[in-house]
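Below you'll find the structure, written out as structure tokens, and then a few comments.
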Amino acid sequence: MLSSYLIIFISLWLHLGHRTLYIGVHVPIGKKSHRRHRHHGHRHRKRSRELDPGLDDGRESPTYYTPSQRVQFLLGTEDDDEEHIPHDLFTELDEICLKDGEDTEWRETARWLKFEEDVEDGGERWSKPYVATLSLHSLFELRSCILTGIVLLDMRASSVEEVADMVLDQQETVGPLGDEVRRKVRESLLKQHHHQNQKKLANRIPIVRSFADKKQSEPQSTDKNGQVIPPQTSLPIPNDGKAEVSRENSAVDFSKIDLHFMKKIPPGAEASNVLVGEAEFLDKPVVAFVRLSPAVMLNGLAEVPIVTRFLFILLGPLGKGPQYHEIGRSIATLMTDEVFHDVAYKAKDRNDLIAGIDEFLDQVTVLPPGEWDPSIRIEPPKNVPSQEKRKIAAQTGTDLGDDEVHEGHGGPELQRTGRFCGGLLLDIKRKAPHYLSDYTDALSLQCLASFLFLYCACMSPVITFGGLLGEATEGRISAIESLFGASMTGIAYSLFAGQPLTILGSTGPVLVFEKILYKFCKEYGLSYLSLRTCIGLWTAFLCLLLVATDASSLVCYITRFTEEAFASLICIIFIYEALEKLIHLGKHYPINMNNNLDKLTRYSCSCVEPPDPSNATLRYWEQNNITASEIYWEALEVKDCIKRRGEFVGSACGPHGPYIPDVLFWSVVLFFSTVFMSAFLKEFKFTRYFPTKVRAVISDFAVFITIFTMVLVDYVLGVPSPKLKVPSVFKPTRDDRGWLISPLGGNPWWTTIITVIPALLCTILIFMDQQITAVIINRKEHKLKKGCGYHLDLFVVGIMLGVCSIMGLPWFVAATVLSISHVNSLKLESECSAPGEQPKFLGIREQRFTGLMIFLLMGCSVFMTSVLKYIPMPVLYGVFLYMGASSLRGIQFFDRLKLFGMPAKHQPDFIYLRYVPLRKVHLFTIIQLSCLVMLWVIKTSNYAIVFPMMVLALVFIRKLMDCFFTKREMSWLDDLMPESKKKKLKEDEEERELEGI
């Protein structure tokens, strides 16, 4: 065996009972060193286990079968010492090459916050952050360095000089260097550090440089968290000496600091400095791992002015530069690893660090050298899996290898109390502490963008619904009533509901119900508004009865299967109706299909007296005292001709009047421009243009910017596109009705009782619409922190339903697509992130202000007609299409639909495909698709009144599916039903008992 080789040990744990197999591997590390041949194979590993102190810190040291168990035990111990509490780390790699006669300095070559960034000398810039790829050889050599080198834990020092002296003193006990070599090593460690950002600062124009020099002359210092202390104040030093900083290190040269990068560093972060290099005067490596306690500010050592906690020093003989560089990258990457990072803070001795490296090696994935290009830099992933499973010992009997099983939306909010109004009272208690913060949390530009977008999005459907209702009821309930009802109900809901993120709106089944009811009243001579009031009051009473009996707890039976089918249907309806309305514009603004460019000068369209007027036209003339012979028809304008029932004649006339050029074409342009511009601006925050805050503002205001731009372009071009029509007078549409409706009116007394039957159907409709939307909004994926309130939501909806019935206003309930769009517009993401790290989803900005402002502005719309009349309807149709399409994102059902057309090798790595056979996935998707088609057919037919019953039937269909799928398969494809959850927990307990036997 060659003497230049060290024996290090790769631990390959072959889990055969409780045995561990250790295999010795020879790895070259440096020149001749007989001293390091004392460590041999099993004898060293056995001796290190026997000599490992068992009661160093008062803890009982158990038998460690694997390094993972040692690491888990170490991280599971609680340490009262603040110095051992892990902090965020900034790691910097500095390198040096020392040759006789050359004056060199330490040069920064790489840095880590989360991912690696290298200095690109050719471009004099930092590289893009990327995932560090390490050679297995360098990791083994690093392990050997920790095993044989100097390890100093919790050493007290206040300067680089003291650190160098401590390392060299300890080196004398391991292997004397000699006075001359010691002096040179010390001088090497004290050489100046040159950082990459100094090049950028040196290239600044002279005025900026002189200003920085002037600023540099003012002494400044920082506290332990890296915060700047004003020049007049000095850094306080506690009596216990934990924040001890020497006088010479208190001044920070801010002219050499990249303040933009400084913002990326989390508060309280500490530095880990890796110093590697080669020296001509050395014949054997000098290796040291140092943990300082307390962390101190070593001025000029790190690129940023934060306290240093760790130092790793490796100086070796000349000719091994690339090898030392890779070892430095290995320790720097380890320091950014979540588990080893904690081990480094809590390690009691060298063996703990070795266990941390071995545990890291356990998790490493090796890529074959011939199957990938090592020069390729791996882009940082969008989502990084949690490392908590590596820290926690498998003591609970659960399989840590499997991902967490989805458990649906069950929680304390849906537990049945068994008391009268028990759930309602708990909802109030749960939401009351957050009521004030529901307004203070809205102090953000994001909320302004949200309510401006949704105000425009909510206005059109409310007015359109009112117009359709007015046509169906001959003006008894029309646009102004719809606007007033939506505003009043929305304001009350935003102020008092349990989940104010839900947006209320009108629904198709309600419109169908109103049409059927009006037709019934007209046939039997009953008062429509009075009968409707009775039905509304009964519905409100039944809703309150459901609240009092905690019926909302049944929501736990609404699983993802039902949610996705319902949400997909509503999204598709939004998309379909947006396209349908655009196509419908072709009827009002038809295309002239008989164009002949040679006859353009002959095109004309004039108004003439009808040669053969119909009976309806004659009656109209008689009722309005119109004498056809006295009218000069050719001089009439289009509106007057239509008003007097004239006819249009000429080659430029269409079915409903003269052809209006360019309107339909321009409407199509506005429609699709709105869709594409909204989608582009919404995704703008993920582009590389402009600073982060500018991109975020553009993304938040995407839809509002789009609407404003399209309105401006439409106004400048002057094409007469159809515009939004808002009522301009606040009064009932018909003069024969007021704002209060009597429940009895002119109807027989028994109608007040018999109306409970249609009220039952309305109650099911209200309950299902409201609660399914609430379930979608309250899903765990949204990370809501203030809780939900299913009972309180239904209570407010029920109260306002009764108020709207008495006032003769339309009924409003949770609108699925509008609510999803509201939630999506209020997503919170982390602002302070390491270079290359994707912003993390933090949750939703939970507040009441946006909903309140949406419906408050809606109520004031009557007084803003002078502005709203400029909004083109095709722009609003485009917003509907965008909302419907964007709400489809994240729906698993559509991901599974795409699998039908994909070969297995091209299918995405969805987690459920790992645990559920593909044929079962397809079967589940086909059943869900069949239910969606059934809902669509019923929704668009004359039987839409039974739509809520069909939605309810989905719950029973989902229950029957338990006969065709195992509980494990359903836990991956869907949420488990309540009984299934209990059975699965019982089965898991039985399996654990059998394993224990």
Can a donor-acceptor pair be found, under 3.5 Å and without considering hydrogens, that links the side chain of [X] to the backbone of [Y]?
X: H87; Y: P267; value: no
X: E120; Y: K128; value: no
X: R350; Y: I146; value: yes

Identified side-chain hydrogen bond (donor to acceptor under 3.5 Å, both in side chains) partner of Y130 from the options E116, E379, E117, R377
E116

Hey, what do you get for [atom1] ([X]) to [atom2] ([Y]), rounding to the nearest 0.5 Å?
X: L152; Y: R291; atom1: CG; atom2: CZ; answer: 11.0 Å
X: D94; Y: L301; atom1: CG; atom2: CG; answer: 7.0 Å
X: L315; Y: L189; atom1: CG; atom2: CG; answer: 5.5 Å
X: R329; Y: I327; atom1: CZ; atom2: CD1; answer: 12.0 Å

W106 and side chain to side chain contact (heavy atoms under 4.5 Å, CB included): which partner among L190, V276, I96, N273?
I96

Looking at [Y] and [X], is any side-chain nitrogen of the basic one under 4.0 Å from a carboxylate oxygen of the acidic one?
X: R182; Y: D169; result: yes
X: E278; Y: K320; result: no
X: R183; Y: E187; result: yes
X: D362; Y: R70; result: no

Of all heavy-atom pairs between [X] and [Y], which one has the smallest distance, and what is that distance?
X: F684; Y: R695; result: O-CD, 3.5 Å
X: M335; Y: S272; result: CG-OG, 3.8 Å
X: T333; Y: A132; result: OG1-CB, 3.6 Å
X: R309; Y: S293; result: NH1-CA, 3.9 Å
X: L177; Y: E172; result: N-OE2, 3.7 Å
X: F340; Y: L353; result: CE1-O, 3.7 Å

Check step by step if side chain to side chain contact (heavy atoms under 4.5 Å, CB included) holds for F281 and L318.
CA-CA 8 Å; F281 52 79; L318 206 62; over 6 Å; no

So, do P317 and E280 sit near enough that their side-chain heavy atoms are less than 4.5 Å apart?
no

Side-chain touch F140/L361, heavy atoms, less than 4.5 angstrom
yes

Do L139 and I357 pass the side chain to side chain contact (heavy atoms under 4.5 Å, CB included) test, and can you show the C-alpha distance, the side-chain angles, and the key distance before you say yes or no?
CA-CA 8 Å; L139 287 169; I357 297 175; 5.7 Å; no

Side-chain donor-acceptor pair present, H193, E92, cut-off under 3.5 Å
no

For E303 and F90, what are the C-alpha separation, side-chain angles and deciding distance, and is it a side chain to side chain contact (heavy atoms under 4.5 Å, CB included)?
CA-CA 10 Å; E303 176 187 351; F90 164 72; 3.8 Å; yes

L282 vs V185, test: side chain to side chain contact (heavy atoms under 4.5 Å, CB included). Steps then yes/no.
CA-CA 9 Å; L282 284 176; V185 171; 4.0 Å; yes

